[in-house]
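Just the heavy atoms: all of them, side chains too, but no hydrogens, waters or symmetry mates, feed the values below. Counting starts at 1 for both ligands and their atoms, following the listed order.
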Amino acid sequence: MIDTIHPRRNTLVRTDYRGRHKPLAANLDQLLIVCAGEPSPDARLVDRYLVLAASMGLRPLLAMNKSDLDATRLPEPLQEASRQQHCQVLHVSASTGDGLDILTRYLAGNRTLLVGQSGVGKSSLINALVPDRQARTQAISEASGQGRHTTTETTLYPLPSGGELVDSPGVRILRLGHLSRQEIESGFSEIARQAEDCEFRDCEHDDEPGCAVRPAVEQGLIHPERLKGFHELLRERHQAAGQ
Ligand SMILES: Nc1nc2c(ncn2[C@@H]2O[C@H](COP(=O)(O)OP(=O)(O)O)[C@@H](O)[C@H]2O)c(=O)[nH]1
Ligand SMILES: [Mg+2]
Ligand SMILES: [Zn+2]
């Protein structure tokens with residue numbers, strides 16, 4: 001029986017196609033964005049994760065996994081995005097254990113949500129960081145087969161160093177249309193700063209007169225890919241509002 005629900009610092013919600021919110025996890029501290037050389041990083045998706053982190057007040061971390069395969073440099077738009085959002089970048093390998101000691105230090109004492117494209121090595125990282133995890137997951141998937149729980153269930157893994165890892169497949173469908181303009185801007189700090197000089201408060205930085213963001217892109221002060229990412233989320237917000 002549920003007696004009381006303690007106040008939550010933040011709640012991660014999944015928005016379904018009807019716009020209904022479902023809570024997936026709460027009281028998170030950090031967002032660990034996992035990338036790899038292969039599959040190659042999707043800058044647009046990382047922008048979305050950074051917006052999710054900023055809108056929830058989570059510290060973003062980016063783990064470039066599979067460092068054993070090749071010298072995986074972060075694509076330039078991603079470097080820029082991490083710099084602007086103060087997102088620490090770590091190079092790790094779930095296979096060799098390289099860099100996991102540093103990652104462990106960042107995870108200690110925090111509740112961290114793990115996100116990233118399929119195939120980047122999220123499960124492998126959990127296996128490497130959480131003792132006995134492999135045995136447990138196998139037992140679960142054998143029992144439930146391809147059942148619906150395996151795709152929607154949120155799992156909280158306690159870490160030996162304190163803190164927890166949260167794996168929530170539901171967050172992979174990352175709809176952000178319900179966010180306010182301000183929340184979207186929180187994931188694009190350099191655009192938000194520049195937008196203070198736009199003539200119109202609701203300037204969309206397209207071809208409005210007196211826009212301060214467009215010229216900043218032309219002068220190389222704002223990366224064009226970042227403005228594209230911002231525009232994509234504004235469009236999504238308009239669509240959600242129109243439904
Ligand atoms: N070489 C190498 N392969 C890795 C590493 N981490 C994961 N993989 C491989 O990448 C594939 C996808 O990993 P998985 O953990 O299932 O990714 P997930 O979809 O994000 O959970 C698997 O074949 C892993 O063995 C790594 O650090 N180095
Ligand atoms: Mg996986
Ligand atoms: Zn503007």
* Asked: Would the number of heavy atoms belonging to other residues, nucleotides or ligands and lying under 6.0 Å from CD of Gln88 be above 12?
  -> yes

* Structure fact -> Residues Lys66 and Val120: closest non-hydrogen pair is CE-O, 3.5 Å

* Structure fact -> In terms of heavy-atom contacts, Leu24 and Thr154 come closest through O-OG1, 3.3 Å

* Basic-acidic side-chain contact under 4.0 Å: Glu232, Lys228 -> no

* Structure fact -> Pocket residues around ligand 1 (non-hydrogen, under 4.0 Å) come out as Asn65, Lys66, Asp68, Leu69, Ser93, Ala94, Ser95, Gln117, Ser118, Gly119, Val120, Gly121, Lys122, Ser123, Ser124

* Asked: If we ignore angles and hydrogens, is there a donor and acceptor under 3.5 Å between the side chains of Gln84 and Glu80?
  -> yes

* Could I get the full list of side-chain hydrogen bond (donor to acceptor under 3.5 Å, both in side chains) partners for Glu204, not counting sequence neighbours? => His238

* Is any side-chain N of the basic residue among Asp47 and Arg226 closer than 4.0 Å to the acidic one's carboxylate O? -> yes

* **Side-chain donor or acceptor of Asp98 paired with backbone N/O of Asp68 under 3.5 Å** => no

* Keeping waters out of it, list the protein N, O or S atoms under 2.8 Å from the Zn ion (ligand 3). => Cys198 SG, Cys203 SG, His205 ND1, Cys211 SG

* To do: Mind checking side-chain hydrogen bond (donor to acceptor under 3.5 Å, both in side chains) for Ser189 and listing every partner two or more places apart, or none if nothing turns up?
  => Gln85

* Closer than 2.8 Å to the Mg ion (ligand 2), do we get an N, O or S atom from Ser123, backbone or side chain? -> yes

* Around atom CD of Gln182, are there more than 12 heavy atoms of other residues, nucleotides or ligands at under 6.0 Å? -> no

